[in-house]
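Heads up: the structure comes next, in structure tokens.
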2 protein chains.
Amino acid sequence: MSISKRKLMILKAIIDDYIMTGTPVGSRTLAKREDMHISPATIRNEMADLEEEGYLEQPHTSAGRTPSDKAYRLYVDTLMNVSTLNAEEIEFLQHYLNTKVNQVNNVIEATAQVLSEMTNLTSLVLVPQLEKTEIKRIQIVKISLNKALVVLIFNTGTVKDVLITVPSEMEDSHLENISNWLTELVVNKRLEEAMKQVKYFAKGDLKEHKVFAEQLLGAVLKNLHAQAGKDVVLGGAKNIFNHPEYQNVDKAKRFLALLETKDTLYKILAANNDMEFTIRIGRENAIPELKNMSVITATYRISNEKIGTFGVIGPTRMDYARILSVLHCMSSSMNEIFMHSLEPEDNNYENNGYGSNNGKGK
Amino acid sequence: MSISKRKLMILKAIIDDYIMTGTPVGSRTLAKREDMHISPATIRNEMADLEEEGYLEQPHTSAGRTPSDKAYRLYVDTLMNVSTLNAEEIEFLQHYLNTKVNQVNNVIEATAQVLSEMTNLTSLVLVPQLEKTEIKRIQIVKISLNKALVVLIFNTGTVKDVLITVPSEMEDSHLENISNWLTELVVNKRLEEAMKQVKYFAKGDLKEHKVFAEQLLGAVLKNLHAQAGKDVVLGGAKNIFNHPEYQNVDKAKRFLALLETKDTLYKILAANNDMEFTIRIGRENAIPELKNMSVITATYRISNEKIGTFGVIGPTRMDYARILSVLHCMSSSMNEIFMHSLEPEDNNYENNGYGSNNGKGK
DNA sequence: ATTAGCACTCTACAATATCGAGTGCTAATT
DNA sequence: AATTAGCACTCGATATTGTAGAGTGCTAAT
């Protein structure tokens, strides 16, 4: 059972209007639009049908209609006009990112900021995921009598450190040797491979290194897993107040509480599942607290490997078309930056913006 | 011209009451307190005087009085009863911190969380300040053809990294040599000393190293300075909603906007100036946006050196006595943790909590 | 010097009225 | 058969009014 062309037209008009104004859309206001050549009464009839089919909702009997999650889903899948940023906006975005290229983390934070600024929403950026990055160096440095810092340096420019306890009689030079030996053993490997490698290799030779190295990597893995939730950078939390839906202090508070439980945010972003773009509307989100929110995410790459996710979160009433275009642009800009800053010899990368293969969710 | 004993008693009662309830205090309610043996009318007269002297304010003619900044200042300096945490609270606090000792940054974040939880305010923690920490190791690692990561490891367990460009023909082994040479040159020095040392030492010998090392350290310094503002960790931003003063969405928004400009927060905390404790009430804060807020800070130590600052921010109506006791307890706990985790051989550290030398601000 | 008494002020809150945008239904029109 | 005009009705938003309560300053009595 498909919906008539006219119904779709009306539905689109309602959603467009509602996204712009935030107030429930009535038949009269809708009929006033110049491209509407039908009377309010007709619209009312169609609206009643659309409501029955689950596309529209009514806050109360004498209010206009608001789109349901189902309507938004239809909208993003087939109805909306895809938009592109204008030159100034692209310029702004790129300029902003390009001033921060000297540190991976700065790029991440700049991304969060500019993203929230351009969308007027709260942005989330997942830092490069370690499972996909290669170890470049492991360095163990003694910083006090029996404490040492294990520092891991990855090919993405990410640095991780874990504090461990070492026997106080262990000397710097010995730790240095272990560092070098370990590095040689696991260089250009990913973290889990590295662990396997150490277990396997260390079995036979170098017995005195083996135990220590295994313990050490075990501690590192444990700690890095434990702090996975910390790897989400936020931007524009205050933007939530710009939306009339959140003028209610209590709602705003709940939203901010959500943002403080970073594990949840991590789950939200990690659910992206390597899709180039995902859109989750209202109850499509696995997390019940998000039933009135939508999450749109995109991936970014370092050296052509999908290595992280970023996106925005906000009320289901959001300008999906614009946000998607911002994410598109952002995604290519980030990829370009990481390309240039980490692999400048390879300049003929493919254009991966504004493509057609946006694998939208569900 | 000093204030009579009775006036002080009344003022203290008003402040205590206002801190508890948040509603302007009237003469009748005050007279009902059992320890008040004077009539409402008398209190009214005294109140009128106190208002004239600038200690009390009236929201409108027929409301009760509220304390002014001046009153709070008098309160924290001489009037309030100092309190201490009960055993459960101390237990809670220490337990919370002790589960996070395996990474310096975790301790910092745990501090922010537990601090905001125990005070019901927004907490700020400044990470260890590099100016006071010693370099333990400098490691340069090539992560792509012409990019390398400079990683600095400090005695406090802090790790900093900066991305630099290197000539693509430069080999790993050469960078390794420079790393070792540099480390040897600057180990156990602070960052600025290190810079001087490199400039001085490199003048004569090792010409090929000199230019590179100087450029490198220059880039590092520049970048670390640029990101100084990032070194503030926040906790409990949402707590602002618990205060009736911030039920107004607009005010809450402005507060959150303030929290997003970390430079400001950095200034707030850095203004602590190595005082063990500081209290800044309302307009005592240099920043005009804080005219209705108070900031209370404390310092923490690593290896007995004052190395960072933490504190809370909230409406001037806050429970100064309780917050100070939380900060006291927190300060000793943190010092203890860093002592144990970094210098476990030295167990007879001095008790530095609940002392009398709290150098309060102004 | 202190307090009782009193007229006055101002906010918060509840009750009431009004307006306007929107609806569903029915009957007339195309 | 589809569309539209007309109409009675609903409901939230807003303004108006009245009332209760907590507080004040002033004056006169203690």
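Every chain is numbered from 1, with letters handed out A, B, ... down the list of sequences.
Rounded to whole Å, atom P of D/dG25 lies 10 Å from atom CG of B/D49. The nearest whole Å value for the distance from the CD atom in B/E51 to the C1' atom in D/dG25 is 12 Å. Rounded to whole Å, atom P of D/dG25 lies 9 Å from atom CE of B/M47. A straight line from CZ of B/R28 to C1' of D/dG25 spans 16 Å, rounded to a whole angstrom. As rounded to whole Å, 11 Å separates atom P of D/dG23 from atom CZ of B/R65. Atom pair B/I43:CD1 and D/dG25:C1' shows a separation of 15 Å (rounding to whole Å applied).
A salt bridge does not link A/D263 with A/K267: every distance from a Lys NZ or Arg NE/NH1/NH2 to an Asp or Glu carboxylate oxygen is 4.0 Å or more. Salt bridge annotation for A/D250-A/R254: present, with a cationic side-chain nitrogen under 4.0 angstrom from a carboxylate oxygen.
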Item to check | Dot-bracket encoding per residue of DNA chain D, Watson-Crick/G-U cut-off under 3.5 Å, | denoting interstrand | outcome: ||||||||||||||||||||||||||||||
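Applying the salt bridge (charged side-chain N to carboxylate O under 4.0 Å, His left out) test to every pair with at least one member in residues 287-297 of chain B, sequence neighbours left out, gives no pairs at all. For residues 7-22 of chain B, the salt bridge (charged side-chain N to carboxylate O under 4.0 Å, His left out) pairs, not counting sequence neighbours, are B/K7-B/E46, B/K7-B/D49, B/K12-B/D16.
With contacts defined as side-chain heavy-atom distances shorter than 4.5 Å, the pair A/L30/A/P40 does not qualify. Looking at heavy atoms from C-beta onward, B/L234 lies in side-chain contact with B/L265 at the 4.5 angstrom threshold.
One side chain, A/Q113 or A/Y96, offers a donor N or O that lies under 3.5 Å from an acceptor on the other.
Within 6.0 Å of NZ on A/K251 lie no more than 12 heavy atoms contributed by other residues, nucleotides or ligands.
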Mind listing the N/O atom pairs, protein and nucleotides 6-10 of chain C, below 3.5 Å?
from	atom 1	to	atom 2	distance (Å)
C/dT9	O3'	B/T61	OG1	3.3
C/dT9	O2	B/S62	OG	3.0
C/dC10	O4'	B/S62	OG	3.1
C/dC10	O2	B/S62	OG	3.1

Taking only nitrogen or oxygen atoms into account, show me every contact under 3.5 Å that the protein makes with nucleotides 1-4 of chain D, one pair per line with its distance.
from	atom 1	to	atom 2	distance (Å)
D/dT3	OP1	A/R6	NH1	2.8
D/dT3	OP2	A/R6	NH2	3.1
D/dT4	OP2	A/S39	N	3.2
D/dT4	OP2	A/S39	OG	3.4
D/dT4	OP2	A/T42	OG1	2.5

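Checked by atom type and distance alone, the side chain of B/R317 pairs as donor or acceptor with a backbone atom of B/I19 at under 3.5 Å. Not one N or O on the side chain of A/N285 forms a donor-acceptor pair closer than 3.5 Å with the backbone of A/I287.
Side-chain N/O atoms of A/T29 include one lying less than 4.0 angstrom from OP1 or OP2 on C/dG22.
The aromatic rings of A/Y75 and A/Y320 sit perpendicular to each other, their planes meeting at more than 60°, with 30° as the lower class boundary.
For DNA chain D, none of the residues of residues 7-19 of chain A falls under the heavy-atom distance limit of 4.0 Å.
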